[in-house]
Amino acid sequence: MLWLLWLGFALGISGGKLVAMSQTNTRLSRIFQQMADVLEVLGANRFKVIAFQKAARVLGELAEDVAVMDSKTLRAVDGIGKGMADRIEAFVQTGELAEAAELMGKVPSGVVMMLDVPGLGPKTVSVLWREAGLNDLDDLAKALDTGELEKLAGFGKKKIENIKKNLVFAKEAGKRARIGEAMAMALWFIDQLKGLKQVKRIEYAGSLRRGKETIGDLDLLVAADADDVGGIMDAFVGLEPVVDVIAKGKTKSSVRTGESSGAAGSSKGGGISGGGIQVDLRVVPIESYGAALMYFTGSKEHNVRLRERAISMGMKLNEWGLTKQDSDEVVASGSEEEVFEALGLAWVPPELREDRGEVALADKDDLPLLIELSDIKAELHTHTTASDGMWTIEQLALAAAERGFHTVAITDHSKGQVQANGLSDERLEKHIVAVRRVAEKLRGKITVLAGSEVDILTDGRLDYPDSLLKELDVVVASPHAALTQEPAKCTARFLKAIENPYVTIMGHPTGRLVGRREGLSPDMGALFKAAAERGIAMEINANHWRLDLRDTHARAAIAAGVKLAINTDAHGPGDLDQLQFGVLTARRAGVTKSDVVNCMTKAGLAKWLKSTR
DNA sequence: GCCGTTTTCGGCCCGACTGTTTTCAGTCG
């Protein structure tokens, strides 16, 4: 029960309107972040700066549109107090925030952009602006060459060289790698280092361990004896993809990788992280491993919450362990479980460590039992050579069986997907026969269902007539075109599709591509309500380019009582491995196996499919 | 600016690394 309350609270669900990504929330989040930046350069109270940063973060993650939230609910949101609520309401009323405009007028935007240069913080930027008269990155580049900056206090040769070197990364700031890329890279680094005899334990931490859809930098944690640290650091910075050593110390090193390091294993060009990625390596003694893993996994906000709790209990928490405040006696440090327990908390799964109420739930031992990868027993969205896949029906079915699935649905594209060789009505009819033939052949090994990923046309009609859809076991209805439709229009479009009596799953509902395409912003609350009433499932498309529904949507979906489907949308070998990213996304949403149709037994799934008709 | 089973004022997490420093400030996560 408490869990559901938390869901409601975290999402701000109070009968309000739920949108994919509220324009108001996004714009205000951006404005508050800019205000925080300007305040920082102006040397404002740092807690005030933090308050603006937090408000920006909270608004960016909020699933409900602040424009339709009532005043009381707004003020109940963690991180939004009277001041922020007043600003939000003023912005909603007038469409602007005079205070923000005034603030931005005090510091040139080019000066604020200097904060994006790694190593340049508010203090340094303030000096460059006020004392050296630099107004933007171009000014900075020129000043670095003339040598005039050496006259400034605190500016030595090395510092100037570093700024010069880091200037190019200002443009890369904020660019993040998709989780699929980051995971491959992290595993590559771990593979290289785990063979060293000094390494007792190694794993990735940070936002990758938390399963975020994009990752800013890789965090690796190693357990080793103090005497062995030097050798490990040397090996780390000497690895082939490393092009720059940012820091190298006794317990911590940071490097940057090259643009096309073989480690990335990325087959698709473009995307978010055009350049390399920063990798941080932290080495601690095995006795501190648990505390260090917590520290390094974050999130920062979650850690702050735990440290505050430690203080209130007369203890101190850092990466070395949980200690008594007065005596420095170590209370817990070896494992995460021990540290959480000593704090009076249940162990919190990494995916929930975002300071969204999980500590309060852990305090009551009321955390949800999150879905696991091994809970998935069926794949309901796949493509074969009939449309744009690389597998034959049988190859695909056998691959699914090999993974221990009891059911797989073949769902090739519909005729509107010309570029993907979508099936005409006639071809689909023949395809169904072919699928049934394979199903018969593999009977006993795996259940093979005939399906289709049918396009939701721009007006909400489906790409096949009902008479044909009726013949299918699974109908995944997805948008592939008109992905810039107005929210109201696409909401109506999707509601109409959900009404179709033969739809079983709504596939990748926003059509976004992580870091590349924004996708649609339908009224998700309305879709979830309709889907729940119809009894159909909403998909978490597990492909790391999509992750659609995203985590916040999935959370809102289960709160609304909607069943979820986690599918890979597999087009060929290897794609079934994408399932892990869908499961991570679901876990971040607090999803349990009972929320997901792919976790049902064979009979249970068959019964559910029937129930959607 | 936010927040509160030590509450409406007085706090607000903690440590590593770097560079320019003779003991520390700035930045980062």
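To find a chain, count down the sequence lines: A is the first, B the second, and so on, and within it residues start at 1.
- Each of G79(A) and Q278(A) lies near DNA chain B, and the nucleotide nearest G79(A) is the one positioned closer to the 5' end.
- As judged by a 4.0 angstrom heavy-atom cut-off over every strand, I311(A) is placed among residues touching the sugar-phosphate backbone only.
- Along DNA chain B, the nucleotide nearest to E308(A) and the one nearest to G156(A) differ in position, and the one closer to the 5' end is contacted by E308(A).
- For the pair K164(A) and D145(A), the salt-bridge criterion is met [side-chain N within less than 4.0 Å of a carboxylate O].
- With sequence neighbours excluded, the residues that form a salt bridge (Lys or Arg N to Asp or Glu O under 4.0 Å) with D363(A) are R309(A).
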Polar pairs (N or O, both sides) under 3.5 Å between protein and nucleotides 8-11 of chain B?
none

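- Taking atom NZ on K252(A) and atom P on dG15(B), their separation rounds to 13 Å, with Å as the unit.
- Of the charged side-chain nitrogens involved, none lies within less than 4.0 Å of a carboxylate oxygen, so that E161(A) and K158(A) do not count as a salt-bridged pair.
- OP1 or OP2 of dC17(B) has not a single side-chain nitrogen or oxygen of S254(A) nearer than 4.0 Å.
- Across dG1(B) and dT5(B), the matching C1' atoms stand 24 Å from one another, rounded to whole Å.
- Between N162(A) and dG19(B), a side-chain N or O to OP1/OP2 separation shorter than 4.0 Å is present.
- The existence of a salt bridge linking K248(A) and D234(A) is confirmed by a sub-4.0 Å separation between a basic side-chain nitrogen and an acidic carboxylate oxygen.
- Remark: R256(A) qualifies as a cation-pi partner of F169(A) under the 6.0 Å distance and 45° angle criteria applied to the six-membered ring.
- With dG1(B), dC17(B), dC3(B) as the choices, the nucleotide that has an atom nearest any side-chain atom of K250(A) turns out to be dC17(B).
- Distance from the side chain of T251(A) is smallest for dC17(B) among the nucleotides dC17(B), dG19(B), dG1(B).
- For the OP1/OP2 pair of dG29(B) and a distance below 4.0 Å, the side-chain nitrogens and oxygens of R282(A) include no atom meeting the criterion.
- Annotation: dA16(B) and dT8(B) have their P atoms spaced 35 Å apart (nearest Å).
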For residues 314-321 of chain A, which side-chain donor-acceptor pairs fall under 3.5 Å, sequence neighbours excluded?
residue: N318(A); atom: OD1; partner: W320(A); partner atom: N; Å: 2.8
residue: N318(A); atom: OD1; partner: G321(A); partner atom: N; Å: 3.2
residue: E319(A); atom: OE2; partner: R282(A); partner atom: NH1; Å: 3.2
residue: E319(A); atom: OE2; partner: R282(A); partner atom: NH2; Å: 2.9

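- For residues 316-344 of chain A, proximity to DNA chain B is found at K316(A), L317(A), N318(A), E319(A), W320(A), defined as any non-hydrogen atom under 4.0 angstrom from a strand atom.
- Rounded to whole angstrom, the span from the CD1 atom of I50(A) across to the P atom of dG1(B) amounts to 14 Å.
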TODO: Please assess T297(A) against R209(A) for the test side-chain hydrogen bond (donor to acceptor under 3.5 Å, both in side chains), listing each intermediate value before the final yes or no.
DONE: CA-CA 7 Å; T297(A) 297; R209(A) 184 163 180 247; 2.8 Å; yes
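- When the C1' atom is compared between dG15(B) and dG10(B), the two are found 25 Å apart, to the nearest whole Å.
- When the nucleotides dC3(B), dG1(B), dA16(B) are ranked by their closest atom to the side chain of A51(A), dG1(B) comes out on top.
- For R130(A), the salt bridge (Lys or Arg N to Asp or Glu O under 4.0 Å) test picks out no residue, with sequence neighbours left out.
- Look at the C1' atom in both dC12(B) and dG19(B): the space between them is 29 Å, to the nearest Å.
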Nucleotide N/O of nucleotides 24-26 of chain B paired with protein N/O under 3.5 Å:
residue: dG26(B); atom: O3'; partner: T124(A); partner atom: OG1; Å: 3.3

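- Of the listed residues (H302(A), R57(A), R588(A)), just one forms a side chain to side chain donor-acceptor pair (under 3.5 Å) with E354(A), and that residue is R588(A).
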